[in-house]
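Note that the coordinates shown come from a computational prediction; the quantities given were computed from them, not determined experimentally.
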Amino acid sequence: VAVVGVPVRDLGRAHTGAEAATVAGEGLGADLGLPPETIREAFIEEARIGATPVSDHAMLPHFRTDEAEGHRLVIMRSRNGVPVQAREEGHRVRALFFLVSPHRNPGQHLRILAQIAARVDADDFLERWLGARDETELRDALLHDRDLLAVRPDPEARSGAPAGPMTRACTLPAAVT
């Protein structure tokens with residue numbers, strides 16, 4: 001799952017699932033060329049028919065549309081939790097991953113959902129997720145121990161100047177070199 005550049009929202013107050021879907025719709029609307037309300041309603045409908053995966057502390061609202069050029073994701077954290085009716089009374093999730101994918105690639109859509117689900121089911125996920133201090137740490141909580149290499153260029157650094165240890169000083173897995 002590529003999460004560099006993916007919108008990350010930290011919900012400061014308690015939200016309902018519909019309110020969280022509204023925030024996701026607003027974040028995805030311009031990118032998809034769809035009205036935010038249309039996106040919100042698509043997420044709500046998928047949840048209503050039981051197509052939204054829900055774990056102990058995460059929910060993965062998703063849908064596919066011909067309007068999507070590629071896969072789009074909005075990541076949300078709710079320290080207060082978002083109530084979920086699909087589970088027992090009073091159940092709240094702390095992580096929400098809103099995914100929109102094109103119809104033409106259902107396999108990739110399912111693989112992305114599976115990758116996210118595998119990570120949120122890890123024993124250390126919730127502690128890292130709730131303890132994250134900023135968007136970078138939230139992304140890192142999602143990527144922790146995955147076979148991914150994240151490169152974060154320093155926009156303030158001069159072109160050509162190293163932003164940290166020299167690349168040759170880093171040990172990379174054989175598959176990367």
Can Glu19 and Arg13 be counted as an ion pair, charged N to O under 4.0 angstrom?
yes
May I ask you to check whether His109 and His62 place their ring centres under 6.0 Å from each other?
yes
Interatomic distance, Met59 atom CE to His91 atom NE2 [nearest 0.5 angstrom]
9.0 Å
Could you check whether any side-chain N or O of Arg119 sits under 3.5 Å from a backbone N or O of Ala141, counting only pairs where one atom can act as donor and the other as acceptor?
yes
pair Arg77-Leu11: side-chain heavy atoms closer than 4.5 Å:
no
Between Asp10 and Arg133, is the salt bridge (charged side-chain N to carboxylate O under 4.0 Å, His left out) condition met? List the steps.
CA-CA 10 Å; Asp10 204 351; Arg133 294 173 295 204; over 6 Å; no
Output for pair (Glu37 CD, Glu41 CD), nearest 0.5 Å, gives 4.5 Å
Do Met76 and Val23 have side chains that approach each other closer than 4.5 Å (heavy atoms only, starting at C-beta)?
yes
Measuring from atom CG of Leu110 to atom CG of Leu99, what distance do you get when rounded to the nearest 0.5 angstrom?
9.5 Å
Start with the C-alpha gap between Phe97 and Ile112, add the side-chain angles, then the distance that decides, and say whether side chain to side chain contact (heavy atoms under 4.5 Å, CB included) holds.
CA-CA 11 Å; Phe97 302 92; Ile112 292 169; over 6 Å; no
List the residues meeting side-chain hydrogen bond (donor to acceptor under 3.5 Å, both in side chains) with Arg79, not counting sequence neighbours, and say none if there are none.
none
Do you know the tightest heavy-atom contact between Arg92 and Pro83?
NH1-CD, 3.4 Å
Non-hydrogen side-chain atoms of Trp129 and Ile75 separated by less than 4.5 Å:
yes
Quick one, Asp121 with Ser55, criterion side chain to side chain contact (heavy atoms under 4.5 Å, CB included). Give me CA distance, side-chain angles, the key distance, then yes/no.
CA-CA 8 Å; Asp121 283 342; Ser55 72; 3.8 Å; yes
Shortest non-hydrogen contact from Val82 to Gly17?
CG1-N, 3.5 Å
Nearest-0.5 Å distance that lies between atom OG1 in Thr52 and atom CZ in Phe98
8.5 Å
Which atom pair, heavy atoms only, marks the closest approach of Thr22 to Arg40?
OG1-NE, 2.7 Å
Listing request: all salt bridge (charged side-chain N to carboxylate O under 4.0 Å, His left out) pairs with a residue in residues 58-76, at least two apart in sequence or in separate chains.
Asp31-Arg72
What is the distance from atom CG of Leu96 to atom CD1 of Ile116, rounded to the nearest 0.5 Å?
11.0 Å
Nearest atoms (heavy-atom pairs only) where Ser101 meets Ala68:
C-CB, 3.8 Å
Say whether Arg94 and Ser78, considering side chains only, have a donor N or O and an acceptor N or O under 3.5 Å apart.
no
His71 side chain to Val100 backbone, donor-acceptor under 3.5 Å
no
Under 4.5 Å between side-chain heavy atoms, counting indirect links through other Ile/Leu/Val/Met/Phe/Trp/Tyr residues: same cluster for Leu28 and Ile44 or not?
no
In Å, rounded to the nearest 0.5 Å, how long is the span from CZ of Phe43 to OG1 of Thr38?
12.0 Å
